[in-house]
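Okay, structure first, notes after.
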Amino acid sequence: MAKRPPKGSALKVLLIRFSAIGDCVIAGHAANDLRHTYPDAELSWAVEDRCAGVISTSLVRKLVLPRRRWRAKGDLKTLFEQYRWLTSFRKFGFDYGFDLQGHSKTAWCLRLSGAKKRLSVHGTDVVANRLNPVLVDPLLDEVHAVESSRRLVNALLPIEHVRSDFLPGSPQVRNPRLVTLCIGAGHPLKVIPPETLVAVGRTLASEGFEVVYLGGPEDQLDAPAGTTNLAGKTTLEESINWVRKSAVHIAGDTGTGHIAAAVGTPLVSIWGHMPLDRYYPYGEEVTVLNANGIPADVSVAEIVHAAKRWLP
């Protein structure tokens, strides 16, 4: 078992999870545990720009990877810029570094960070598994992903588990008549059919509820009359606050679903193809509708019925 550092020691810890939004929320539980256990530690998190908005600066220092700009340029000069970005971490003098993602890109980030002690989850490729020490734990791929992140950190730094709202933004007064729905998802097998989302919104709006659709710039939906479509019109931080003040949030296996679970907003999750026991939204007020893992097989009536459990 790892020994707890002596009291008063100013730990410097690097967490690496570049993406995606939901996965960063899942990893955030371990970061929250670290902040709770070591309140004076210097915690840093390496993350892609598109996901950085889900990480609170009150929790960690954000080391933001400008992925959008690098992908747009894609030239040799960009490779040198990436290398300089990765090696710049050495100036922080990290005592510990943890790769919570296990890709070759995150493995290089950890390897070049200069962290005195490094540890990674099992990588997705040979390169990732050879660049850093990998935690050997037979349960790591069996328990929920939140617990996997905690087990990784706990292998080097004992942490105490705590449940609290660790996402950016501020507490919101819950609107008992507000229902938010997430339009998109990061994988086709996670997407709720648009016609289902439209029908659910139309039904709830007809009963006097305020219905707001959330999503990214790429998420398209012809929202029904009497509802509001904010897809592409809010920042990630603003979307978090919309979820916070909702009476219930409806989403597929996507970022806002994990956000709702983390901040304590009742959630109706229409699950997709991922293993439910490993990745279900980690919260206490969660209803998962999992009809064969195919979102299109979940009916409008089922979703509305589940949502009304949390509505007046």
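- Contact annotation: the side chain of I270 approaches that of I303 to within less than 4.5 Å [non-hydrogen atoms, C-beta and beyond].
- Although no hydrogens or angles enter the test, the distance criterion places a donor-acceptor pair under 3.5 Å between the side chain of N132 and the main chain of A107.
- Side-chain atoms of S164 and N32, non-hydrogen and from C-beta on, do get closer than 4.5 Å to each other.
- Side-chain atoms of V121 and L135, non-hydrogen and from C-beta on, never get closer than 4.5 Å to each other.
- By the 6.0 Å and 45° rule, K245 stacks over the aromatic ring of W242.
- S148 and R278 share a side-chain donor-acceptor pair at under 3.5 Å.
- Checking side-chain atoms of E147 against main-chain N and O of H144 turns up no donor-acceptor pair under 3.5 Å.
- The closest side-chain donor-acceptor pair between N154 and R151, if any, does not fall under 3.5 angstrom.
- A donor-acceptor pair under 3.5 Å links the side-chain atoms of R111 to the main chain of L131, judged by distance alone.
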Determine, stepwise, if the pair F18 / K105 fulfils side-chain contact (heavy atoms from CB on, under 4.5 Å).
CA-CA 9 Å; F18 286 173; K105 57 186 179 181; 3.9 Å; yes
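- At most 12 non-hydrogen atoms from other residues, nucleotides or ligands lie less than 6.0 angstrom from CZ of R130.
- Below 30°, between 30° and 60°, or above 60°: for F166 and H29 the angle between ring planes is above 60°, a perpendicular geometry.
- Note on ring orientation: taking the six-membered ring where Trp is involved, the planes of Y282 and Y280 are parallel (angle under 30°, cut-offs 30° and 60°).
- With a 4.5 Å cut-off on side-chain heavy atoms, W70 and Q82 count as touching.
- A donor-acceptor pair under 3.5 Å is absent between the side-chain atoms of N292 and the main chain of I294, judged by distance alone.
- Although no hydrogens or angles enter the test, the distance criterion places a donor-acceptor pair under 3.5 Å between the side chain of N229 and the main chain of L221.
- In this structure a side-chain-to-backbone donor-acceptor pair under 3.5 Å is missing from H122 to G102.
- Annotation for E218: atom CD counts as buried by contact number, over 12 foreign heavy atoms lying within 6.0 Å.
- Counted within 6.0 Å of NE2 on H187, heavy atoms from surrounding residues, nucleotides or ligands total more than 12; the atom is thus considered enclosed.
- For the pair K117 (side chain) and L156 (backbone), a donor-acceptor distance under 3.5 Å is absent.
- Formation of a donor-acceptor pair under 3.5 Å by the R35 side chain with backbone atoms of L59 is found in this model.
- Counting heavy atoms from C-beta outward, Y38 and P158 have side chains that approach closer than 4.5 Å.
- Counting only distance, with no hydrogens or angles, the side chain of R174 and the backbone of S246 share a donor-acceptor pair below 3.5 Å.
- Checked by atom type and distance alone, the side chain of E160 never pairs as donor or acceptor with a backbone atom of H36 at under 3.5 Å.
- For the pair S44 and F89, the minimum side-chain heavy-atom distance is 4.5 Å or more.
- With a 4.5 Å cut-off on side-chain heavy atoms, L157 and L11 count as touching.
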Pairs under 3.5 angstrom only: tabulate donor-acceptor contacts from the side chains of residues 247-264 to other protein residues two or more places apart or in another chain.
from	atom 1	to	atom 2	distance (Å)
H249	ND1	T180	O	3.2
H249	ND1	T180	OG1	2.7
H249	NE2	T256	OG1	2.8

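- The side-chain heavy atoms of V198 and D222, taken from C-beta on, include no pair separated by under 4.5 Å.
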